[in-house]
Engineer: 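Below is a structure I'd like to ask you about.
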Amino acid sequence: MTPRFFPYSALALIVCGTVLGAPSDDRGRIIPVVASTTTYGDLIDPGLNRDSCSSTLWANDVLWVCRDTQQAFANGSIGTHLVANTVSLSGLPSAPSNPIQLVLSSPQGYGPIFYAFEADECPQEGCGDGVCGPGICGDGTRWVNAYGFMAKQRLLGLSVVNATGYSLYHVTSQRPGVIPSAKMHINAFWSATQIGYGSAASVVRNGFAYLYGATPDRKLAVARAALTGLLSSLEDHKIYEYYVNGTWARTPPVNTDPTIVLPNTSAVQGTMYWSPKWQSYVWIGGDGFPNANFLISTAPKPEGPWSAPQQFYSGVVGNGTLAAYSAVAHPDLTDGTGNYIFITWTKTHFDVDGIFNVYEQPLVRVDWQ
Ligand SMILES: *[C@@H]1O[C@H](CO)[C@@H](O)[C@H](O)[C@H]1NC(C)=O
Ligand SMILES: *[C@@H]1O[C@H](CO)[C@@H](O)[C@H](O)[C@H]1NC(C)=O
Ligand SMILES: *[C@@H]1O[C@H](CO)[C@@H](O)[C@H](O)[C@H]1NC(C)=O
Ligand SMILES: *[C@@H]1O[C@H](CO)[C@@H](O)[C@H](O)[C@H]1NC(C)=O
Ligand SMILES: *[C@@H]1O[C@H](CO)[C@@H](O)[C@H](O)[C@H]1NC(C)=O
């Protein structure tokens, strides 16, 4: 995901470092409590079948980046061609008093890949497992590529067989309402033995972009980049600092360094944001395939200490090949106060031919006490 800006400001009542009214744990970290939830039905994706969509505020629109995209025909069949990632635009969701399904519009039509494949990622059309498309290697494996810092990962089923580093992509806006373009900026910005900082989650606050990446044992490590200009300096390795053994260091650690692991974090797909309401950084993510159980954790600083993740929502799972996955939060769909959040997950069922999975992405608004 590209780092986000929060264009809204909000005041929170703070007395002696405690946010009024919010329950907290023994170390003063907020323990969120759900006040109400509102279901908005599935995201509407006219003519397209795709999974794992994430969102970013983009000029006056919301830019959605989704993963595996196929055509969805009116007769209920799913097309055999697959594009590894595509984008759409939407407005903001309606108020919870009148929940309306959100439409992701794709004026560019079916097809153009957003984050393109590189020369070593089977960029030509290939086929495997009954589908064809760029990134499919013809030996049962395929490359996946979605979300600025991208893992270069080759999948066999759901197993990663090659991870050759992380590339930095640059998304360029043309004008509001027009699908932006993305180009690969620096191939393998992070190497395969480094953390893919920015590929798991990111949050922009107080003049820094905080960039999270997965450690080999599926927890998070964090780096920060002081922002000068409009995120343009992210391509300069010299501006990065890495959280290592309790301090910010200038030398990038190896990904197996045990002192970079942030306690109580998880690298299962998730989202970071800043909550003015709680004066806290917030992580929301899933407990992993095959469930859609949503967990939340809070911390006073980006590096922690993170509270023990608590389950706050359990999404309905599907009856296709993969029951549920990609539990993510969408802070850019909110007003930035932290009073509520939107979440989605992906669930599947089989198409009319019983061949392909149809992806459903329920959208739910969670209001906090
Ligand atoms: C559904 O429509 C598509 C596109 O027109 C076509 O290729 C496919 O064969 C149709 N499937 C069935 C089951 O009729
Ligand atoms: C991917 O991994 C396989 C098995 O480890 C290896 O044979 C192959 O050369 C690797 N491919 C790339 C592009 O790194
Ligand atoms: C980490 O920092 C502590 C002091 O805070 C020090 O005692 C320890 O040796 C450091 N560990 C490593 C691996 O550098
Ligand atoms: C992690 O969570 C546990 C509870 O599961 C808690 O006792 C502990 O303090 C947390 N660790 C940190 C570093 O916050
Ligand atoms: C599977 O789920 C879909 C929708 O999510 C539903 O329409 C269908 O009836 C379910 N099929 C079975 C066999 O339960």
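Counting starts at 1 for both ligands and their atoms, following the listed order.
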Engineer: Give yes if a backbone or side-chain nitrogen or oxygen of Asn245 is under 3.5 Å from a nitrogen or oxygen of ligand 3, and no if not.
Structural biologist: yes
Engineer: Are Trp248 and Tyr242 close enough that their ring centres sit under 6.0 Å apart?
Structural biologist: no
Engineer: Taking Asn49 for its side chain and Thr69 for its backbone only, find out whether a donor-acceptor pair lies under 3.5 Å.
Structural biologist: no
Engineer: Does Asp332 reach the side chain of Tyr273, with side-chain heavy atoms less than 4.5 Å apart?
Structural biologist: no
Engineer: Distance only, no hydrogens: is a donor on one side chain within 3.5 Å (strictly under) of an acceptor on the other, for Ser90 and Trp64?
Structural biologist: yes
Engineer: Minimum distance, heavy atoms only, to atom 3 (C) of ligand 5: which one of Val358, Thr348, Asn319 is it?
Structural biologist: Asn319
Engineer: Would you say atom 9 (O) of ligand 1 touches the protein, meaning some protein heavy atom is under 4.0 Å from it?
Structural biologist: no
Engineer: Leu43, Tyr40: one ILVMFWY side-chain cluster at the under-4.5 Å cut-off?
Structural biologist: yes
Engineer: So which heavy atom in the protein is nearest atom 7 (O) of ligand 1, and how far is it from that ligand atom?
Structural biologist: Phe73 CE1, 4.6 Å
Engineer: Report the nearest protein non-hydrogen atom to atom 14 (O) of ligand 1: residue, atom name, distance rounded to 0.1 Å.
Structural biologist: Asn75 ND2, 3.4 Å
Engineer: Find all atoms of ligand 1 within a distance of less than 4.0 Å from any non-hydrogen atom belonging to Ser77, and give their numbers and elements.
Structural biologist: 1 (C), 10 (C), 11 (N), 12 (C), 13 (C)
Engineer: How long is the span from the SG atom in Cys66 to the OH atom in Tyr359, to the nearest 0.5 Å?
Structural biologist: 11.5 Å
Engineer: If you draw the axis of the six-membered ring of Tyr340, does the NZ or CZ of Arg365 fall within 45° of it and under 6.0 Å from the ring centre?
Structural biologist: yes
Engineer: Using a strict 4.0 Å cut-off to heavy atoms of Lys347, name the atoms of ligand 5 that fall inside it.
Structural biologist: 5 (O)
Engineer: Under 4.0 Å from atom 5 (O) of ligand 3, can you find at least one protein heavy atom?
Structural biologist: no
Engineer: For ligand 1, which atoms have a heavy atom of Asp353 less than 4.0 angstrom away?
Structural biologist: 13 (C)
Engineer: Where does Val352 meet ligand 1, judged by heavy-atom distances below 4.0 Å: at the side chain, the backbone, both, or neither?
Structural biologist: neither
Engineer: According to a 4.5 Å side-chain heavy-atom criterion applied to Ile, Leu, Val, Met, Phe, Trp and Tyr, with indirect links allowed, do Trp306 and Val268 form part of one hydrophobic cluster?
Structural biologist: no
Engineer: Give me the nearest non-hydrogen protein atom to atom 13 (C) of ligand 3 as residue plus atom name, then the distance to 0.1 Å.
Structural biologist: Thr259 CG2, 4.0 Å
